[in-house]
Amino acid sequence: MKESTSRIKNTTINSTIALTSKVLTFVLQFICRTVFIRVLSTEYLGVNGLFTNILTMLSFAELGIGNAIIFKLYKPIADNDEEKIKTYMKFYQKAYFLIGIIILTIGILIIPFLKYMINDVPDIKENIYFIYVLFLANSTISYFFTYKKSIIIGYQKEYIITLINLVAIIVQNIVQIIILLVTKNYILYLLIQISATFLENFLASKKADKMYPFVKDKNYEKISKSEEKKIFTDVKSLILYKIGYILSNGTDNIIISAFVGVSEVGLLSNYTTITNAITTFLSSFFNGFTASVGNLNTTDDNEKKESIFYQILSLSFLVYGFVSVAIALLSNDFIVIWLGQDYLLSFSVCLALGLNMYVDGMRFVNYTFRNTMGLFKKGRLIPLISSVTNVILSVLLVRYIGIFGVLIATVLTRLFITTMYDPYLLHKYKFNTPCRRYYLTYIYYFIILIMDFCICNFVLSKIVIGGILGFIVKGIVIMIITYILFLIFVCRMKEFKELKDILKNIVLKRFIKRKEV
């Protein structure tokens with residue numbers, strides 16, 4: 001009971017601080033991007049989006065070692081086994097140093113091939129290859145510090161990493177805004193970004209040393225051959241998951257750049273800035289559950305695990321159902337208010353972005369439980385099959401329906417392959433129950449989502465108010481309709497009732513504690 005309460009407390013702290021941090025981060029980054037767009041051209045946006053995708057592709061060198069090691073840390077942390085923690089951390093340190101070198105090397109080798117990834121050379125004064133090298137440097141830095149963050153996350157203190165990240169983001173964005181307004185220099189803008197990345201990782205490393213000084217102890221047992229073999233067995237399985245993730249998330253802008261143009265990548269990046277900010281914001285909230293779920297999986301029974309699984313799934317629907325409909329119906333309104341009519345893309349693109357947000361968000365619970373339960377080997381080919389299908393489908397569709405084809409290909413492959421298979425693994429190998437309940441629940445939720453979208457779209461078409469006021473009114477209407485439907489169709493479900501009881505207990509305990517103080 002004490003451990004369960006601790007998990008809830010840590011999850012609440014991590015999620016609350018993460019949400020607050022992301023609100024502040026979004027506001028700063030939004031202001032910085034607005035200045036960026038006003039000062040520099042759309043081509044710079046395209047370059048940003050393209051190189052970010054290329055470096056996402058490069059991150060395959062991480063090969064899932066991080067997930068494998070963090071999974072290994074949950075048990076010794078729960079047992080307070082400092083010697084075992086030191087062993088894993090030293091192994092993790094060496095592994096990530098090697099990863100950083102590999103990424104840097106491969107990144108340099110890619111330089112001669114950049115010209116094939118750009119359909120039309122952007123009209124900018126800076127050297128495109130030098131810009132890429134700066135992006136590469138920014139991406140590589142973190143790999144030499146990441147292992148220190150893992151122990152803080154393993155101890156369910158992720159809020160500390162969040163606060164350090166917030167400090168770095170505040171400094172970065174304020175200085176970048178000043179640089180853009182005073183010098184209009186894109187290179188200086190990137191150098192500030194690199195400096196902030198280093199600052200964040202350096203501070204996190206020092207904090208980990210202070211909190212867990214035993215990790216710095218040079219006297220430690222080397223990881224045994226059997227454990228090393230087990231880790232690399234998991235890693236080999238995670239390689240396929242990692243490659244699948246990269247192909248799924250890191251190729252869209254590259255395909256659009258190659259077949260449509262860098263300028264369109266720039267236009268799309270304005271939309272993805274919005275969706276990425278929302279995704280990051282929501283992920284910060286839901287990621288607060290990760291370490292707690294990992295701890296749960298070392299201590300509690302299968303029935304409890306399955307119960308928590310469906311509670312988080314219902315919470316995911318509550319959040320992502322509303323957000324996905326809002327993105328589909330309000331993205332263009334927001335872009336007009338923010339940047340003007342010249343930066344608009346078609347409604348079909350907004351619809352695809354909303355669907356992608358929903359499908360990806362509803363996968364969170366599957367991804368979290370699979371990783372924290374150590375299900376690395378089972379179904380390892382599925383993400384790769386999904387992602388290869390995604391790339392092929394994207395290349396085929398982009399020729400006929402442009403950007404929408406690339407985005408909808410991602411939605412379809414995620415929905416019908418990865419989303420359907422992961423819960424099967426969990427139910428078969430961990431919960432020991434049929435997966436039928438998950439499929440029926442997912443279909444039920446999706447029907448409610450379609451109903452929600454159709455009703456909201458109809459009602460919004462009758463609203464003639466424009467501008468910021470119209471945007472706010474439409475947002476309120478979507479929220480009201482979405483949660484009325486939720487109250488009607490979801491609130492009576494078993495998992496939501498259980499979730500509601502847990503949330504009530506958290507609020508009640510906080511109220512009593514404040515009253516006592």
Side-chain angles (χ1 to χ4, degrees), residues 278-279 282-283 285-286 289 293 302-329 351-370 373 379 382 386 408 410-460 477-504:
I278 295 171
T279 299
L282 295 178
S283 294
F285 169 72
F286 282 101
F289 291 88
V293 170
N302 289 339
E303 186 178 348
K304 179 69 173 177
K305 294 173 189 175
E306 186 177 17
S307 174
I308 296 296
F309 175 87
Y310 280 100
Q311 289 171 35
I312 298 176
L313 184 67
S314 69
L315 181 61
S316 297
F317 177 69
L318 171 66
V319 174
Y320 284 101
F322 162 69
V323 169
S324 59
V325 172
I327 286 172
L329 296 176
L351 180 60
L353 289 170
L355 280 170
N356 188 57
M357 172 70 74
Y358 178 79
V359 172
D360 203 37
M362 292 293 282
R363 287 172 60 222
F364 166 81
V365 63
N366 301 329
Y367 174 83
T368 300
F369 271 77
R370 190 193 70 218
M373 286 180 163
I382 295 301
S386 173
I408 204 65
T410 302
V411 173
L412 293 174
T413 51
R414 281 180 178 172
L415 178 61
F416 290 108
I417 302 178
T418 312
T419 300
M420 294 296 106
Y421 193 76
D422 280 350
Y424 164 78
L425 292 177
L426 290 169
H427 284 76
K428 181 175 181 179
Y429 295 104
K430 294 298 179 179
F431 300 154
N432 299 319
T433 57
C435 195
R436 181 173 60 253
R437 178 186 175 187
Y438 177 86
Y439 295 141
L440 291 175
T441 302
Y442 196 94
I443 292 170
Y444 181 68
Y445 284 159
F446 200 73
I447 291 171
I448 297 171
L449 180 76
I450 294 171
M451 189 190 311
D452 184 25
F453 172 80
C454 292
I455 295 172
C456 288
N457 190 36
F458 174 77
V459 174
L460 262 58
V477 168
I478 292 173
M479 184 180 292
I480 291 171
I481 293 172
T482 298
Y483 290 122
I484 286 175
L485 291 174
F486 190 89
L487 288 170
I488 294 171
F489 294 106
V490 179
C491 275
R492 295 179 183 178
M493 295 176 72
K494 176 186 174 184
E495 49 265 33
F496 184 76
K497 287 181 179 179
E498 292 171 344
L499 176 65
K500 187 170 64 175
D501 290 339
I502 290 174
L503 294 176
K504 273 184 180 179

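- Contacts of I443 classified as side chain to side chain contact (heavy atoms under 4.5 Å, CB included), with partners at least two apart in sequence or in another chain: I447.
- Residues meeting the side chain to side chain contact (heavy atoms under 4.5 Å, CB included) test with L460, sequence neighbours left out: L329, L330, I463, K474, V477, I478.
- Checked against the 6.0 Å centroid threshold, Y445 and Y442 do not count as a close aromatic pair.
- Smallest separation of non-hydrogen atoms from L415 and M420: O-CG, 3.4 Å.
- The main-chain N or O of R414 is found under 3.5 Å from a side-chain atom of T419 such that the two form a donor-acceptor pair.
- Taking each heavy atom of L449 and S324 in turn, the nearest pair found is CD1-OG, 3.5 Å.
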Next on the checklist: Pair D422, R363 - check salt bridge (charged side-chain N to carboxylate O under 4.0 Å, His left out), show working.
Outcome noted: CA-CA 9 Å; D422 280 350; R363 287 172 60 222; 5.4 Å; no

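- Shown here for C456 and T482, the closest heavy-atom pair between the two residues is SG-OG1, 4.5 Å.
- Shown here are the side chain to side chain contact (heavy atoms under 4.5 Å, CB included) partners of I455, two or more places apart in sequence or in another chain: M451, V459, I481, L485.
- With values rounded to the nearest 0.5 angstrom, N356 atom CG is found 11.0 Å from L351 atom CG.
- Other residues, nucleotides and ligands contribute at most 12 non-hydrogen atoms within 6.0 Å of the CZ atom of F416.
- Remark: I488 CD1 to F486 CZ distance equals 12.0 Å, nearest 0.5 Å.
- In plain terms, the two heavy atoms of G321 and D452 that are nearest each other are O-OD2, 4.3 Å.
- If you look at H427 and F309, their ring centroids are closer than 6.0 Å.
- In this structure a side-chain-to-backbone donor-acceptor pair under 3.5 Å is missing from Y358 to V323.
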